[in-house]
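Quick notes on the structure that follows.
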Amino acid sequence: MAASGLEDKPSAGIGLRILQRRDYETGLVAIDDVAMLLVDALSNPDMRNKTFAVIQDPTAAPQAWRRMIEAFPPDSRTVEPGAAISPTR
């Protein structure tokens, strides 16, 4: 996950926009919102093997990010849990 610009303040309680890296935009996001997404990623299978950016979006519903991340395809190069990772050059 990449956050464009971190704000050191509590969550604003507004929606978040989840973007594929190729659609990256600059914007702000509260550190609390980033923490919430990271904690969710630990147990949410819809977030596995996906790279994305996040920014605040006052036009999005507060939980709309869940549907956005479900729609993303997994990264083309993924590693299954427990698999050995070989370095690339």
Side-chain angles (χ1 to χ4, degrees):
M1 176 177 42
S4 179
L6 290 174
E7 291 187 297
D8 188 13
K9 65 179 189 177
S11 174
I14 62 174
L16 300 173
R17 186 167 4 138
I18 306 295
L19 307 160
Q20 290 184 315
R21 289 297 299 218
R22 70 172 183 257
D23 301 325
Y24 188 82
E25 294 178 25
T26 59
L28 298 174
V29 64
I31 289 174
D32 285 1
D33 288 329
V34 172
M36 180 266 309
L37 288 170
L38 291 173
V39 169
D40 188 77
L42 294 173
S43 62
N44 184 344
D46 291 326
M47 294 178 112
R48 175 174 279 161
N49 298 322
K50 296 181 180 181
T51 303
F52 58 91
V54 59
I55 58 174
Q56 291 176 348
D57 182 353
T59 66
Q63 294 295 313
W65 64 268
R66 291 184 183 279
R67 289 186 307 281
M68 293 174 199
I69 199 72
E70 286 174 8
F72 282 16
D75 293 343
S76 60
R77 183 176 176 198
T78 60
V79 177
E80 291 302 314
I85 299 173
S86 60
T88 58
R89 295 177 198 233

Is it true that [X] and [Y] fall in one hydrophobic cluster, defined by side-chain heavy atoms closer than 4.5 Å?
X: Val29; Y: Phe72; value: yes
X: Met68; Y: Ile55; value: no
X: Val54; Y: Leu28; value: no

Identify the two heavy atoms, one from [X] and one from [Y], that lie closest to each other, and give their separation to 0.1 Å.
X: Gly13; Y: Pro62; result: O-CG, 4.1 Å
X: Ala60; Y: Leu16; result: CB-O, 3.9 Å
X: Trp65; Y: Ile18; result: CB-CG1, 3.5 Å
X: Glu70; Y: Lys50; result: O-NZ, 3.7 Å
X: Ser11; Y: Ala30; result: CA-CB, 3.9 Å

Can you tell me how far apart [atom1] ([X]) and [atom2] ([Y]) are? Round to the nearest 0.5 Å.
X: Asp75; Y: Arg48; atom1: CG; atom2: CZ; answer: 13.0 Å
X: Arg17; Y: Glu25; atom1: CZ; atom2: CD; answer: 4.5 Å
X: Ile31; Y: Lys9; atom1: CD1; atom2: NZ; answer: 11.0 Å
X: Asp33; Y: Leu38; atom1: CG; atom2: CG; answer: 11.0 Å
X: Gln20; Y: Thr51; atom1: CD; atom2: OG1; answer: 10.0 Å

- Message: Measuring only between side-chain heavy atoms, which start at C-beta, is Arg66 closer than 4.5 Å to Asp40?
- Response: yes
- Message: Measuring only between side-chain heavy atoms, which start at C-beta, is Val34 closer than 4.5 Å to Leu6?
- Response: yes
- Query: Take atom CG in Asp8; do more than 12 heavy atoms of anything else shown fall under 6.0 Å from it?
  - Reply: no
- So, the side chain of Asp46 versus the backbone of Ile69: is there a donor-acceptor pair under 3.5 Å, distance only? no
